[in-house]
Amino acid sequence: MAKKGVLTPQQEDFPRWYQDILNKAELADNGPVRGTMVIRPYGYALWERMQAEVDQRIKDAGADNAYFPLFIPESYLNRESDHVEGFSPELAVVTQGGGRELAEPVVVRPTSETIINAYFSKWVQSHRDLPLLINQWANVVRWEMRPRIFLRTTEFLWQEGHTAHATREEARDYAAMILHEVYRDFMESVLAIPVLIGYKTEAERFPGAINSMCLEGMMRDGKALQMGTSHELGQSFATMFDITFLDAEGNQAHVWQTSWGVSSRMVGGLIMAHGDDQGLVVPPRLAPIQAVVIAVRDAEGVVDACHHMAESLAAAGIRVRVDDRTGTGFGRRATDWELKGVPVRVEIGPRDLENGQATMVSRSGSDKQTVSLSTAPKQVESLLDDMQQQIYNDAMAWRDSRIVEAATVAEVREAAATGFARIPWADLGPEGEAVLADDAVTVRCLQRPDGSLPQSGDETDLVAVCGRSY
RNA sequence: CGGGCUGUGGCGCAGUUUGGUCAGCGCACCUGCUUUGGGAGCAGGGGGUCGCCGGUUCAAAUCCGGCCAGCCCGACCA
């Protein structure tokens, strides 16, 4: 009884598909205040897994977690002119507290450069205090014009790293290292989303940065999603907040800084990079539930067998859940887990049990295979490994099939209707970039012809990757 | 903030042109029975002052005015 799809097909209406999946997979709801979201348990479980993986990599990169206040004095924002210009339109400002007008309004942090650097200036005295490597997991607020759950919400969750270094080279290398070792590695090996890396053009740069590096993923509708950024801040904040140190020769100098972040936007990226008309597809390394053991129906010994199966899967290190809600029809439950993108289903019914078997089904393939109860954990494990690789390969092949080499602005515009275009930056330039902007096409990043990260924005053979974006 | 579309039980919608006999449908939910190997069936049942405020009228989901919210397309952005 193949029913009509549960979700609006992607081809028919992609934004609608996205809305449907948020509801049907129980990921998030709109909050009561415009632009806010309620992240539901399954959506939050995805975020927690992302946090855990990113946090470990950040610690491996030598940064320590700390926490700074939600409220920032308005005057702090005003100290860095580019920064305040960039953010003031989207600030939430508190003017009252305890029933009284505040002497100085406080802003709800849109990002924490200012308040963190105010403290860096207290903590940094000597070259021996450097590098100072701090990370914070927090919520931030930006009063966005056009909110969309996970992709652009008024309040969102993120991680922001802030560092101070003795030299420009060291700061640049650290920002690039974060881009590669923390972000790119996480996105490609855990999220299974291939990303393009490069520099932002001046037009797209973070307010206050001297260089912004980014990672861009392609969604299933051909649009780009900026999945993360890593900035060289130069010395502007150091100057404004007076962050100085005595070097080994006894000279006073300003530090060189970086900041970098990824956010709950990645949940949206995960949905749109892998999801299909059956629902979410969650790569095994990320999945909060890697395998669900389903009791097909309540016959003799079936539910017990499911719990035993779950125990042996868990013992093999697999994140597992049992679905023994036999009061609900099998088809309904199978569909529900498919919607949630759980990589592997292990189904056990009386027929399986008779033969000492279980049925193993992969979210990405339609074939069911029969496995013996005793060897199932091994087989699930290896299926999970295969799926991780396959999901990445599929995303990569699909993306590459939608990247076009272009020679003119017109060709870029045409290619951007379905995907990305690559064009020599020398041929496009800021003038071409401005022309493309009329059609909502932007330069997503500047990279070397081989796709690697430049060492400098002055390199002469840089390629501009262009597309429409979220 | 500009352009377009839309607000009716949890979700999706019909009804608005021609004001009254209009508060209805599907899904979801509750109870019972039968079911359960790909969104089960039957029977019974609960739930909405029709986005909000005001106006016109004997009478407003329906007409008028204002406001608010959501979605899509732009400018902004993680």
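Per chain, numbering begins at 1; letters A, B, ... match sequence-line order. Quick caveat, the model's predicted, so the values are computed rather than measured.
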A.B. asks: In whole Å, what separates the P atom of B:rU16 from that of B:rC64?
C.D. replies: 14 Å
A.B. asks: B:rC73, B:rG38, B:rG12: which one has an atom nearest the side-chain heavy atoms of A:Lys223?
C.D. replies: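 Ranking B:rC73, B:rG38, B:rG12 by closest atom to the A:Lys223 side chain puts B:rC73 first.
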A.B. asks: Take atom CD of A:Gln136 and atom P of B:rA78, then tell me their distance rounded to the nearest Å.
C.D. replies: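 Taking atom P of B:rA78 as the reference, CD of A:Gln136 is at 17 Å.
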A.B. asks: Take the angle between the ring planes of A:Phe156 and A:Trp158 and call it parallel below 30°, perpendicular above 60°, tilted in between.
C.D. replies: perpendicular
A.B. asks: In whole angstrom, give me the gap between the P atoms of B:rU17 and B:rU62.
C.D. replies: 10 Å
A.B. asks: Can you name the atoms? Protein N/O to nucleotides 30-36 of chain B N/O, anything below 3.5 Å, with the distance.
C.D. replies:
from: B:rU36; atom 1: O2'; to: A:Val296; atom 2: O; distance (Å): 3.3
from: B:rU36; atom 1: O2; to: A:Thr326; atom 2: O; distance (Å): 2.9
from: B:rU36; atom 1: N3; to: A:Thr326; atom 2: O; distance (Å): 2.9

A.B. asks: Side chains of A:Phe241 and A:Phe120: does their closest heavy-atom pair fall under 4.5 Å?
C.D. replies: no
A.B. asks: By the 4.0 Å heavy-atom rule, please label A:Thr359 as base, sugar-phosphate, or nothing.
C.D. replies: base
A.B. asks: Nearest whole angstrom, please: distance from the P of B:rA28 to the CG of A:Asp29.
C.D. replies: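 In whole Å, B:rA28 P and A:Asp29 CG are 19 Å from each other.
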A.B. asks: Any base atoms under 4.0 Å from A:Gly349, or only sugar-phosphate, or nothing? Heavy atoms, all strands.
C.D. replies: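 It contacts base atoms.
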A.B. asks: What pair of heavy atoms forms the shortest contact from A:Gln226 to A:Lys200, and how long is it?
C.D. replies: OE1-CE, 3.0 Å
A.B. asks: Report, as yes or no, whether the 6.0 Å neighbourhood of atom CD on A:Glu202 holds more than 12 heavy atoms from other residues, nucleotides or ligands.
C.D. replies: no
A.B. asks: Which atom pairs link the protein and nucleotides 75-77 of chain B when you take only N or O atoms and keep those under 3.5 Å?
C.D. replies:
from: B:rA75; atom 1: OP1; to: A:Ala437; atom 2: O; distance (Å): 3.1
from: B:rC76; atom 1: O2; to: A:Glu144; atom 2: OE1; distance (Å): 3.1
from: B:rC77; atom 1: O2'; to: A:Glu144; atom 2: OE2; distance (Å): 3.4
from: B:rC77; atom 1: O2; to: A:Arg265; atom 2: NH2; distance (Å): 3.1
from: B:rC77; atom 1: N3; to: A:Tyr470; atom 2: O; distance (Å): 3.4
from: B:rC77; atom 1: N4; to: A:Tyr470; atom 2: O; distance (Å): 3.1

A.B. asks: Ion pair present between A:Arg363 and A:Asp276, side-chain N to carboxylate O less than 4.0 angstrom?
C.D. replies: yes
A.B. asks: Quickly work out the A:Phe14 CZ to B:rC73 C1' distance and round it to whole Å.
C.D. replies: 17 Å
A.B. asks: Select from A:Gln278 and A:Met227 the residue whose nearest nucleotide in RNA chain B is closer to the 5' end of that strand.
C.D. replies: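 The 5'-side residue here is A:Gln278.
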A.B. asks: Dot-bracket for RNA chain B, please, read 5' to 3', with Watson-Crick or G-U wobble pairs under 3.5 Å on both distances, ( ) within the strand, [ ] crossing, | other strand, . unpaired.
C.D. replies: ((((((((.[[[[.)....(...]]]].((((((.....)))))).....[[[[[..)....]]]]])))))))....
A.B. asks: Taking the same atom, P, in B:rG54 and in B:rC13, what whole-Å distance lies between them?
C.D. replies: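 Per the computed distance, 29 Å lies between those P atoms.
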A.B. asks: If you draw a 6.0 Å radius around CH2 in A:Trp137, do more than 12 non-hydrogen atoms from other residues or ligands fall strictly inside?
C.D. replies: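 Atom CH2 in A:Trp137 is crowded, with more than 12 foreign heavy atoms closer than 6.0 Å.
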A.B. asks: With a 4.0 Å cut-off on heavy atoms, is A:Asn23 in touch with a base, just the backbone sugar-phosphate, or nothing at all?
C.D. replies: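 Contact class for A:Asn23: none.
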A.B. asks: Measure across A:Val303 and A:Ala295 and return the closest heavy-atom pair with its distance rounded to 0.1 Å.
C.D. replies: CG2-CB, 4.2 Å
A.B. asks: Please determine whether the number of non-hydrogen atoms from other residues, nucleotides or ligands lying under 6.0 Å from atom CD of A:Gln96 exceeds 12.
C.D. replies: yes
A.B. asks: Go through the steps to decide whether A:Lys340 and A:Glu26 satisfy the test salt bridge (charged side-chain N to carboxylate O under 4.0 Å, His left out), and finish with yes or no.
C.D. replies: CA-CA 8 Å; A:Lys340 287 190 155 72; A:Glu26 302 179 320; 2.8 Å; yes
A.B. asks: Show me the pairs that pass ring pair (Phe, Tyr, Trp, His ring centres under 6.0 Å) and involve residues 193-232 of chain A, at least two apart or across chains.
C.D. replies: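 Those involving residues 193-232 of chain A are A:His83-A:Phe206, A:Phe87-A:Phe206, A:Phe206-A:His231.
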A.B. asks: Heavy-atom count check: over 12 atoms from other residues, nucleotides or ligands less than 6.0 Å from A:Glu414 CD?
C.D. replies: no
A.B. asks: Please report, rounded to the nearest Å, how far the C1' atom of B:rA78 is from the CD atom of A:Gln159.
C.D. replies: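 To the nearest whole Å, that distance equals 10 Å.
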A.B. asks: Roughly how far, to the nearest 0.5 Å, is the OH atom of A:Tyr44 from the CG atom of A:Leu157?
C.D. replies: 6.0 Å
A.B. asks: With a 6.0 Å cut-off (strictly less than), is the heavy-atom count around CZ of A:Arg321, excluding the residue itself, greater than 12?
C.D. replies: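 Not more than 12 within 6.0 Å, no.
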A.B. asks: Could you give the distance separating B:rG26 and B:rG9 at their C1' atoms, to the nearest angstrom?
C.D. replies: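 Roughly 13 Å separates the two C1' atoms.
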A.B. asks: Between the protein and nucleotides 69-71 of chain B, list every N/O to N/O distance that falls short of 3.5 Å.
C.D. replies:
from: B:rG70; atom 1: OP2; to: A:Arg34; atom 2: NH1; distance (Å): 2.5

A.B. asks: Pick the C1' atom in B:rG65 and in B:rA23, then give their distance to the nearest Å.
C.D. replies: 25 Å
A.B. asks: Rounding to a whole Å, what distance do you find between A:Leu7:CG and B:rC11:C1'?
C.D. replies: 13 Å
A.B. asks: Looking at A:Glu347 and A:Lys368, is any side-chain nitrogen of the basic one under 4.0 Å from a carboxylate oxygen of the acidic one?
C.D. replies: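 So A:Lys368 pairs with A:Glu347 through a salt bridge.
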A.B. asks: Between CG of A:Asp323 and CG of A:Asp336, what distance do you get to the nearest 0.5 Å?
C.D. replies: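 If we round to the nearest 0.5 Å, A:Asp323:CG and A:Asp336:CG are 8.5 Å apart.
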A.B. asks: Expressed in whole Å, how much space separates the C1' atoms belonging to B:rG66 and B:rC71?
C.D. replies: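 Roughly 22 Å separates the two C1' atoms.
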A.B. asks: Taking the six-membered ring for Trp and the single ring otherwise, decide whether the centroids of A:Tyr174 and A:His165 are under 6.0 Å apart.
C.D. replies: yes
A.B. asks: Examine A:Arg148 relative to A:Phe150 and say whether NZ or CZ is less than 6.0 Å from the centre of the six-membered ring and inside a 45° cone about the ring axis.
C.D. replies: no
A.B. asks: Looking only at atom C1', what distance separates B:rG19 and B:rC58, rounded to whole Å?
C.D. replies: 12 Å
A.B. asks: Roughly how many Å apart are B:rA14 and B:rG45, using the C1' atom of each and rounding to a whole number?
C.D. replies: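 One C1' to the other, the span is 23 Å.
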A.B. asks: In whole Å, what is the span from the CG atom of A:Leu22 to the P atom of B:rC11?
C.D. replies: 14 Å
A.B. asks: Below 3.5 Å is the cut-off: list the nitrogen or oxygen pairs between protein and nucleotides 45-47 of chain B, distance only.
C.D. replies:
none

A.B. asks: Tell me the interatomic distance from A:Asp336, atom CG, to B:rA28, atom C1', rounded to whole angstroms.
C.D. replies: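 About 12 Å, once rounded to whole Å.
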A.B. asks: What is the separation between atom CD on A:Gln357 and atom C1' on B:rG37, rounded to the nearest whole Å?
C.D. replies: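 The distance from CD of A:Gln357 to C1' of B:rG37 comes to 14 Å, rounded to the nearest Å.
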A.B. asks: With salt bridge (Lys or Arg N to Asp or Glu O under 4.0 Å) as the test, pick out the partner of A:Glu216 among A:Lys223, A:Arg468, A:Arg399, A:Arg444.
C.D. replies: A:Arg444
